Asker: 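Can you keep this structure in mind? I'll have questions shortly.
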Amino acid sequence: MDLDLLPMIISRFHMKQIEVISFDAEGTIVTPDFSEAIWREAIPALYAETRGLDLAQAKRRVYEEYEAVGNQRLEWYDIEYWFSYLDLGSSRRVIQSCLDKIAYYPEVIDVLSSLAAKHRLIVASGTPLELLDFLLAGIKPYFARVFSSVSHFGQLKSPDFYLKLCAEMGVKPSRVIHVGDSWQFDCLNAREAGIHALYLDRSRRDHEECLSDLSQLKHILSLSV
Ligand SMILES: [Mg+2]
């Protein structure tokens, strides 16, 4: 983010009225390493083993199945759906084998610990709880609540999901900031619900008004006090 844009972003919020700061999980606080290990490696490897295919063949087939569903459908996110659909038995062993890949972005602990002093922090994720609980295990105490759109409300991160989340928290959307790395699910849909959404682009492709890491969120909030 261009620091010259900060005053513009800040002027749009009444920062002192911000009560809740909401974070997407994957790509925002948790790196993609765990998900990639499960979806791109461990599931195809198990599929190869059970079907007697080589790994490259298995990857091709499994990836095609993923693409045929796509990330606009609930099944995309549902590990139990995939284990059942691909006839792979229990997901437990595969999940366990990937737990050592869970990692947080470098600035996350510092940002959460300083923001938690003044705000209620929550997670608003599209990842089902079967995986989300593991992903957040190391940082759970920072959050007042963890919401999985799929597990709690049976939907993707739609405007309706954000409204329900605000109702559960007893807060007006205008008093919530949400930050995430999906333009559609974290920005457009949250904004439609009336939430202040900040787009995180860690690839630093130089969008206008986007954060390139979460420490900038801390900066924005500290300037407003
Ligand atoms: Mg994300």
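Note that the structure is a prediction, hence the values are computed from the model and not measured. Atoms within a ligand are numbered from 1 in the order they appear, just like the ligands themselves.
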Asker: Mind checking whether Lys164 and Gln155 have side chains closer than 4.5 Å, heavy atoms only?
Answerer: yes
Asker: What protein N/O/S atoms are found closer than 2.8 Å to the Mg ion (ligand 1)?
Answerer: Asp24 OD2, Glu26 O, Asp181 OD1
Asker: Would you give me the side-chain donor-acceptor pairs under 3.5 Å for residues 130-142, sequence neighbours excluded?
Answerer:
none

Asker: Any Lys/Arg nitrogen of Glu36 or Lys101 sitting under 4.0 Å from an Asp/Glu carboxylate oxygen of the other?
Answerer: no
Asker: Can you see which heavy atom on Glu80 is nearest to which on Ser91, and at what distance?
Answerer: OE2-OG, 2.9 Å
Asker: So does Arg202 pair up with Asp181, basic N to acidic O under 4.0 Å?
Answerer: no
Asker: Give the ring-plane orientation class for Tyr85 versus Trp82, where under 30° counts as parallel, over 60° as perpendicular and anything between as tilted.
Answerer: perpendicular
